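One structure is given below, encoded as structure tokens.
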Amino acid sequence: MTTRNVYSEILYNLSPNRQITQAFKLFGIQDTDTACLVITVGDSKESNMHQVVSLLESGGAVCLPFEDISQFNSLESIEKLYKIQEEELKVGTLSEAVVSRIAAKEIIA
């Protein structure tokens with residue numbers, strides 16, 4: 001692990017570069033955010049996730065299934081953040097290009 005805990009490691013690994021501070025700025029929660037993705041880490045019991053959902057909903061949050069995540073992203077923003085070129089999208093998907101960038105950042109940087 002590069003960071004101090006598994007939660008910061010998730011944010012770090014989403015980042016297109018090796019700067020932990022930048023990862024928090026890009027993927028951490030801001031005061032102006034209207035949506036967020038919640039990730040739970042632990043055993044496979046669903047009770048943990050149910051507790052998190054209950055807590056969020058009691059605070060007025062609306063919890064959606066993971067399949068609905070596409071309504072909260074901008075493909076153009078993702079392409080810009082990860083510096084995906086048009087040529088790459090001709091031979092593979094955006095997801096493949098992003099995963100390649102994330103996987104290679106430790107080698108390239």
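Hydrogens, waters and symmetry mates play no part in the numbers below; they use all other heavy atoms, side chains included. If you're wondering where the values come from, they're calculated on a predicted model, not measured in any experiment.
- Side-chain contact check for Tyr82 versus Ile102: some heavy-atom pair is nearer than 4.5 Å.
- Inter-residue side-chain proximity for Phe27 and Ile10 is flagged as unmet; no heavy-atom pair is nearer than 4.5 Å.
- When only modelled atom types and interatomic distance are considered, Glu76 and Ser74 share a side-chain donor-acceptor pair under 3.5 Å.
- Using a 4.5 Å heavy-atom cutoff, the side chains of Val52 and Val38 are in contact.
- The closest donor-acceptor contact from the side chain of Asn17 to the backbone of Gln19 lies under 3.5 Å.
- Panel note: side chain Glu88, backbone Gln85; a donor-acceptor pair is recorded below 3.5 Å.
- In terms of modelled atom types and a separation under 3.5 Å, the side chain of Glu9 and the main chain of Thr2 share a donor-acceptor contact.
- Around atom CG of Leu56, more than 12 heavy atoms belonging to other residues, nucleotides or ligands sit under 6.0 Å away.
- Atoms CG and CG, on Leu26 and Leu81 in that order, are 5.5 Å from each other to the nearest 0.5 Å.
- Following chains of ILVMFWY side-chain contacts shorter than 4.5 Å, one can reach Phe24 starting from Leu14, so the two form part of one hydrophobic cluster.
- Considering only heavy atoms from C-beta on, Val98 stays 4.5 Å or farther from Ser95 through its side chain.
- The shortest side-chain heavy-atom distance between Glu79 and Leu89 falls under the 4.5 Å cut-off.
- A cation-pi geometry, defined here as NZ or CZ lying under 6.0 Å from the six-membered ring centre and within 45° of its normal, holds between Lys105 and Tyr12.
- For Arg101 (side chain) and Glu96 (main-chain N/O), no donor-acceptor pair under 3.5 Å exists by modelled atom type.
- Summarising the geometry, atom OG belonging to Ser100 is positioned 8.0 Å from atom CD1 belonging to Ile84; distances are rounded to the nearest 0.5 Å.
- You'll find the side chain of Leu37 stays beyond 4.5 Å of the side chain of Phe72, heavy atoms only.
- With contacts defined as side-chain heavy-atom distances shorter than 4.5 Å, the pair Ser15/Ile20 does not qualify.
- The local environment of CD in Glu86 is sparse, with at most 12 non-hydrogen atoms from other residues, nucleotides or ligands closer than 6.0 Å.
- Linking ILVMFWY side-chain heavy atoms closer than 4.5 Å, directly or via other members, places Val62 and Ile29 in two distinct hydrophobic clusters.
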